[in-house]
**Student:** 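Here's a structure for you.
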Amino acid sequence: MSISAGTKSLSCYRNKSYQSCSALPGLGQLFRRISGQSSQPLDLVDSQPELLQWLQERQYDACKLKLVTQELPGQGRGLVANAAVCKGELLLAVPQQLIIFPETAAAESCLAPLLSQPQQLSDWSLLALFLAEQLYLCDRAGGSSSSAAWAPYIGVLPRNPIGTVLDWSQKDVDTLLAGSGLASTAAMIRIGAQLVWQDLQPLLTAAKQQGLCPADMFSKADIYWAIGICLSRSVRLADRGDQVVLVPFADLLNHEPSCEAYLLWEEQQQAVVLRPDRDYSPGQQVFISYGPKSSGELLLSYGFCPPAGSNPHDAARLSFSLQDSDPWLQAKQQALQRQGKASSESFALRIDGLPAELLPSLALCAAQPQSAAEVEALADELFAGRWPSIGGVSCEQLALEMLAKACKAALKGYPQQAEADRQLAAAGQAGGGFAHRRELMAAVRVRERQILSRTEFVAQQRIRQLRKGA
Ligand SMILES: C[S@@+](CC[C@H](N)C(=O)[O-])C[C@H]1O[C@@H](n2cnc3c(N)ncnc32)[C@H](O)[C@@H]1O
């Protein structure tokens with residue numbers, strides 16, 4: 001059911017959901033670990049002593065930690081080991097009382113009287129409300145930051161611009177993401193932010209009418225700042241019902257694409273913990289993973305892009321939908337629904353493989369069986385990993401032809417020239433704002449083009465084999 005079916009060198013799975021097409025010479029080198037480590041030990045004086053003091057006041061003995069906060073070139077602050085750290089040890093355990101859960105946010109809000117059923121709002125809305133209120137208390141309430149219980153935490157959060165796609169103008173989005181599959185990711189993030197803002201509107205109006213908060217608290221700019229903070233710093237706790245939380249101090253950890261250490265909830269510790277995936281020496285920056293995100297996704301959600309070639313999760317997104325003109329549209333929609341799939345899907349192609357579901361979905365799109373009953377049977381076969389033939393042509397070939405065509409169209413769809421992007425990506429000079437984003441997006445497009453070209457090449461190779469009856 002894939003590019004690689006029947007071709008030994010292309011057939012092993014890299015992980016459960018991606019199918020390998022690792023034949024491109026030299027690409028393994030792209031995945032060498034980029035440590036980002038300096039050989040020189042760093043100056044280990046903590047750069048955020050107020051934060052440490054506050055953690056201690058909240059019964060968290062941060063002094064016993066083997067981590068200090070440091071300014072790191074191009075990364076803002078990060079956490080650096082000040083003693084030897086062993087893989088797997090309990091390096092960090094941020095206790096419950098320091099974590100901002102959605103229910104903490106609701107209980108501590110000045111709008112608490114209106115939040116008797118906090119589940120009426122999403123986790124993001126509650127956290128955004130909390131952050132915007134704390135920001136107001138810190139920055140606006142007569143300059144007296146002490147009135148905000150969380151002031152030392154709010155004090156270390158970046159102010160605008162944070163760097164996520166929420167800071168971009170619509171013109172920047174349209175210009176920088178034209179032709180890239182990331183345009184739909186950016187649209188989803190921006191729509192998500194709008195939904196949070198809309199979600200909060202009735203509550204904010206009621207709160208102001210009832211005099212629960214000053215009229216200038218919860219401005220749109222502050223709520224959007226808060227959403228940007230959630231986007232770039234919140235943690236989803238899989239072991240606590242997927243709750244989205246803010247974890248002070250732990251949110252100073254930076255991301256490294258090949259890292260496999262995550263912030264996790266540990267029931268036994270009643271804390272969000274970090275167990276590193278490697279040893280660290282004193283002076284080395286300790287990393288976590290923000291998830292298997294492509295460089296483009298990192299740019300949109302976090303405002304940075306890892307160095308070229310260092311991110312094994314780099315991807316080019318392609319979207320496919322069933323055609324309205326397809327005579328079996330309804331039958332295919334139903335068949336996909338039965339398989340738990342939508343009739344319009346976006347897939348992330350990687351340089352080393354395809355999402356396992358991509359080719360069966362494309363085959364179902366492309367195939368023209370004789371009856372609705374055949375459509376259903378075909379979907380069952382395809383999603384069970386088999387390649388039946390329709391009209392003497394293997395469904396694998398149909399899927400690959402569609403894939404190759406889509407890659408070709410995507411490559412042609414970029415308004416920017418490939419060479420201009422390569423030069424811009426290599427320049428690395430822009431200091432910030434639009435110029436910086438333009439360079440980073442050029443680097444992202446360079447990688448997207450590599451992935452699309454390679455996928456098209458491998459697909460064409462396999463199509464030739466299939467046509468020869470291999
Ligand atoms: C969870 S915060 C980490 C702490 C942050 N560096 C700070 O100074 O507050 C996420 C932000 O850190 C920065 N960041 C994280 N990993 C990075 C990396 N590998 N390279 C550059 N910036 C990074 C980005 O600005 C991102 O939005």
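Numbers for residues simply follow the sequence, beginning at 1. Note that ligands are numbered from 1 as they come in the structure, with each ligand's atoms numbered from 1 the same way.
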**Student:** Is the CD atom of Glu89 crowded by more than 12 outside heavy atoms at less than 6.0 Å?
**Tutor:**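 Above 12, so yes.
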**Student:** How far is atom 21 (C) of ligand 1 from its nearest protein heavy atom, and which residue and atom name does that atom have?
**Tutor:**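 Nearest protein contact, heavy atoms only, for atom 21 (C) of ligand 1 is Gly74 O, 3.3 Å.
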**Student:** So, is Asn254 polar-close to ligand 1, with some N/O to N/O distance under 3.5 Å?
**Tutor:**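 The answer is yes, given that Asn254 and ligand 1 share an N or O pair closer than 3.5 Å.
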**Student:** Aromatic contact between Phe218 and Tyr136, with the criterion being ring centroids under 6.0 Å apart: yes or no?
**Tutor:**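 When the ring centroids of Phe218 and Tyr136 are compared, they turn out to be at least 6.0 Å apart.
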**Student:** Does Lys208 have more than 12 heavy atoms from other residues, nucleotides or ligands lying within 6.0 Å of its NZ?
**Tutor:**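 Check passes, neighbour count above 12.
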**Student:** In terms of residue, atom name and distance, what is the protein heavy atom nearest to atom 19 (N) of ligand 1?
**Tutor:**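 Checked against all protein heavy atoms, atom 19 (N) of ligand 1 sits closest to His255 O, 2.8 Å.
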**Student:** Which atom pair, heavy atoms only, marks the closest approach of Phe304 to Tyr290?
**Tutor:**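 Phe304 and Tyr290 have their closest heavy atoms at CE2-CE1, 4.3 Å.
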**Student:** Using a 4.0 Å heavy-atom cut-off, which part of Ile162 comes near ligand 1: side chain, backbone, both, or neither?
**Tutor:**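 Ile162 to ligand 1: no contact under 4.0 Å from either part.
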**Student:** Under a heavy-atom criterion of less than 4.0 Å, does Leu298 contact ligand 1?
**Tutor:**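 Contact absent.
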**Student:** Which word best sums up how the rings of Phe347 and Phe320 line up, parallel for under 30°, tilted for 30 to 60°, or perpendicular for over 60°?
**Tutor:**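 Judged by the thresholds at 30° and 60°, the geometry between Phe347 and Phe320 is tilted.
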**Student:** Within the 4.0 Å heavy-atom shell around Leu252, which atoms of ligand 1 are there?
**Tutor:**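 Contacts of ligand 1 toward Leu252, numbered from 1: 3 (C), 4 (C), 9 (O).
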**Student:** Going by heavy-atom distance to atom 20 (N) of ligand 1, choose the closest among Tyr290, Phe287, Phe304.
**Tutor:**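 It is Phe304 that holds the nearest heavy atom.
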**Student:** Atom 2 (S) of ligand 1: which protein heavy atom is closest, and how many Å away?
**Tutor:**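 Here the nearest protein heavy atom works out to Asp251 O, 3.3 Å.
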**Student:** Nearest protein heavy atom to atom 27 (O) of ligand 1, by residue and atom, and its distance?
**Tutor:**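 Residue, atom and distance for the closest contact: Tyr302 O, 2.7 Å.
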**Student:** Mark yes or no: Arg58 above the aromatic ring of Trp150, with NZ or CZ under 6.0 Å from the six-membered ring centre and no more than 45 degrees from the axis.
**Tutor:**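 So Arg58 does make the cation-pi contact.
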**Student:** Go through Gln75 and Asn254 one step at a time and tell me if the side-chain hydrogen bond (donor to acceptor under 3.5 Å, both in side chains) criterion holds.
**Tutor:** CA-CA 7 Å; Gln75 300 183 8; Asn254 288 326; 3.3 Å; yes
**Student:** So which of Arg233, Gln48, Arg77 gets nearest to atom 6 (N) of ligand 1, if we judge by its closest heavy atom?
**Tutor:**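 The nearest heavy atom belongs to Arg77.
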